[in-house]
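Read through the structure below, which is laid out as structure tokens, and then see the notes.
Letters A, B, ... are given to chains in the order of the sequence lines, protein chains preceding strands, and every chain is numbered from 1.
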There are 2 protein chains.
Amino acid sequence: MMALRGVWKTYHGPAGPVHALRGIDLTIGQGEFVAIMGPSGSGKSTLMHILGCLDVPSRGEYVFRGRPVHGMSHAELAAVRNREIGFVFQNFHLLPRLSALRNVELPMVYAGVDRRSRRARALALLKEMGLADRADHLPSELSGGQRQRVAIARALANRPSLILADEPTGALDSATGRDVLQLLASLNREGVTLVIITHDEQVGRMAPRMVRLLDGRVVSDERQVQG
Amino acid sequence: MMALRGVWKTYHGPAGPVHALRGIDLTIGQGEFVAIMGPSGSGKSTLMHILGCLDVPSRGEYVFRGRPVHGMSHAELAAVRNREIGFVFQNFHLLPRLSALRNVELPMVYAGVDRRSRRARALALLKEMGLADRADHLPSELSGGQRQRVAIARALANRPSLILADEPTGALDSATGRDVLQLLASLNREGVTLVIITHDEQVGRMAPRMVRLLDGRVVSDERQVQG
Ligand SMILES: Nc1ncnc2c1ncn2[C@@H]1O[C@H](COP(=O)(O)OP(=O)(O)OP(=O)(O)O)[C@@H](O)[C@H]1O
Ligand SMILES: Nc1ncnc2c1ncn2[C@@H]1O[C@H](COP(=O)(O)OP(=O)(O)OP(=O)(O)O)[C@@H](O)[C@H]1O
Ligand SMILES: [Mg+2]
Ligand SMILES: [Mg+2]
């Protein structure tokens with residue numbers, strides 16, 4: 001469903017060009033569960049932004065569900081992201097002036113879901129994340145791990161067919177992290193495509209497939225026994 | 001050097017009072033290395049803000065180096081923080097319009113260090129963090145783990161006698177995380193007091209002393225064999 005071919009991403013940094021991705025070939029099929037690992041700075045978050053149609057390659061092609069992404073208009077890309085993709089960003093990107101509840105409702109607002117249904121769904125998701133009693137708190141009134149869980153709840157709001165999660169358990173204690181991962185794994189068993197960036201080898205081992213980056217390149221791409 | 005007695009911290013949240021700390025008794029001596037662990041929302045970051053004189057208890061006392069903190073003026077607290085304490089915050093709190101280099105220099109600017117010395121020290125710290133070639137990048141032009149390392153470099157800038165680090169390796173791959181922890185452990189061997197909040201049991205085991213929080217209380221406080 002997603003095919004990157006010869007993808008480069010170059011930033012024009014203050015000290016000269018930074019080639020964050022250097023010729024990535026990667027195909028991920030519908031319903032797969034892929035872990036992406038690699039050292040800090042190796043290009044994982046950049047790769048996720050391209051997979052999620054949030055950014056465009058500097059070179060190469062990205063075909064998403066049979067459609068070349070560079071051929072899509074801004075409006076089409078925004079619609080694809082809203083309806084089909086759930087994002088958990090490395091630094092959450094919650095809206096600071098909206099409560100946890102409103103943050104989780106936001107993708108449903110854009111998708112045109114009626115008020116009653118989106119409120120019910122947002123509350124159910126927060127409850128699943130153990131945050132029912134934090135629904136009205138602003139992000140600044142939440143702990144780091146609580147913000148991360150709000151970001152996860154928001155990613156699931158529109159029941160996306162693809163979830164891109166950048167270190168979704170980074171701020172969580174192991175018990176809470178395990179609950180979150182089991183929820184994501186169960187969504188994958190229902191057919192949701194799941195791509196998780198992680199620094200945690202234990203988390204990485206849960207996926208049937210492991211892609212490792214180094215300096216903007218794929219250095220290994222392997223099936224693995226899950227454990 | 002730091003003694004909390006009967007410390008409560010109550011936030012007035014939108015859904016009613018939240019008792020983030022509920023009667024904390026904790027004494028940490030000069031030169032100790034303490035790990036603080038506990039579930040998401042258990043009060044760890046709140047505890048760190050009180051230890052670091054960034055916030056005041058709602059009830060109870062905090063004596064820092066023999067001086068009751070509630071007796072200090074704003075100016076005195078700011079001076080203590082700047083000269084004696086290095087903070088690594090859970091969400092980094094880098095200034096978005098300053099480069100990595102300038103962010104690391106900032107505590108030294110406040111401490112009155114001359115331009116040449118602070119630039120040399122900031123560059124040396126960034127080099128130690130593997131970020132020499134990112135000195136002029138803004139935080140938005142850095143990866144998550146690179147921002148974390150800039151935050152760590154900044155915490156060390158004024159050679160503080162106390163380092164309070166809230167999940168300092170959360171965004172780092174294991175190799176980079178290990179390097180950072182070894183640097184912090186070596187500072188502790190030189191006499192720096194080190195308090196690390198972590199969700200990672202492996203990181204926690206590196207400290208000779210482990211304090212665990214649950215629902216705003218200390219539930220265990222133990223010497224442990226380091227490993
Ligand atoms: N806007 C930008 N301008 C210049 N360089 C950038 C920019 N954004 C990212 N970079 C650089 O691109 C490289 C890849 O960044 P990316 O965020 O993809 O890494 P990552 O693998 O997610 O790292 P981490 O594990 O630390 O989160 C980094 O070296 C970073 O400094
Ligand atoms: N400004 C605030 N108003 C209301 N409640 C708050 C506020 N700040 C924090 N809280 C609540 O206080 C509790 C403790 O927060 P704290 O950030 O200390 O937790 P933590 O142990 O660091 O969690 P994590 O591991 O997720 O970072 C949380 O339940 C949080 O929702
Ligand atoms: Mg990243
Ligand atoms: Mg915290």
Query raised in the report: Which region of S40(A), side chain (C-beta onward) or backbone (N, CA, C, O), has a non-hydrogen atom less than 4.5 Å from a non-hydrogen atom of chain B, or is it both or neither?
Result: both
Query raised in the report: Does any non-hydrogen side-chain atom of L21(B) lie less than 4.5 Å from one of L47(B)?
Result: yes
Query - R134(A) CZ to S99(A) OG distance, which is reported to the nearest 0.5 Å - result: 13.5 Å
Report summary line: Max heavy-atom pairs within cutoff under 4.5 Å with chain A, candidates M37(B), E201(B), R149(B), goes to R149(B)
Query - Polar side chain donor-acceptor pair, Y11(B) to S58(B), under 3.5 angstrom - result: no
Requested in this report: Give the minimum heavy-atom separation between G52(B) and F87(B), together with the two atoms involved.
Outcome: O-CZ, 3.2 Å
Report task. Take the angle between the ring planes of H49(A) and F89(A) and call it parallel below 30°, perpendicular above 60°, tilted in between. Result -> tilted
Report summary line: Answer key: most heavy-atom pairs under 4.5 Å with chain B among D200(A), D133(A), T176(A), L172(A) is L172(A)
Report task. Return the option, out of Q146(B), R147(B), Q148(B), H137(B), with the maximum number of heavy-atom pairs under 4.5 Å with chain A. Result -> H137(B)
Report task. Name the region of A135(A), side chain, backbone, both or neither, that has any atom closer than 4.5 Å to a heavy atom of chain B. Result -> neither
Requested in this report: Name the region of D136(B), side chain, backbone, both or neither, that has any atom closer than 4.5 Å to a heavy atom of chain A.
Outcome: both
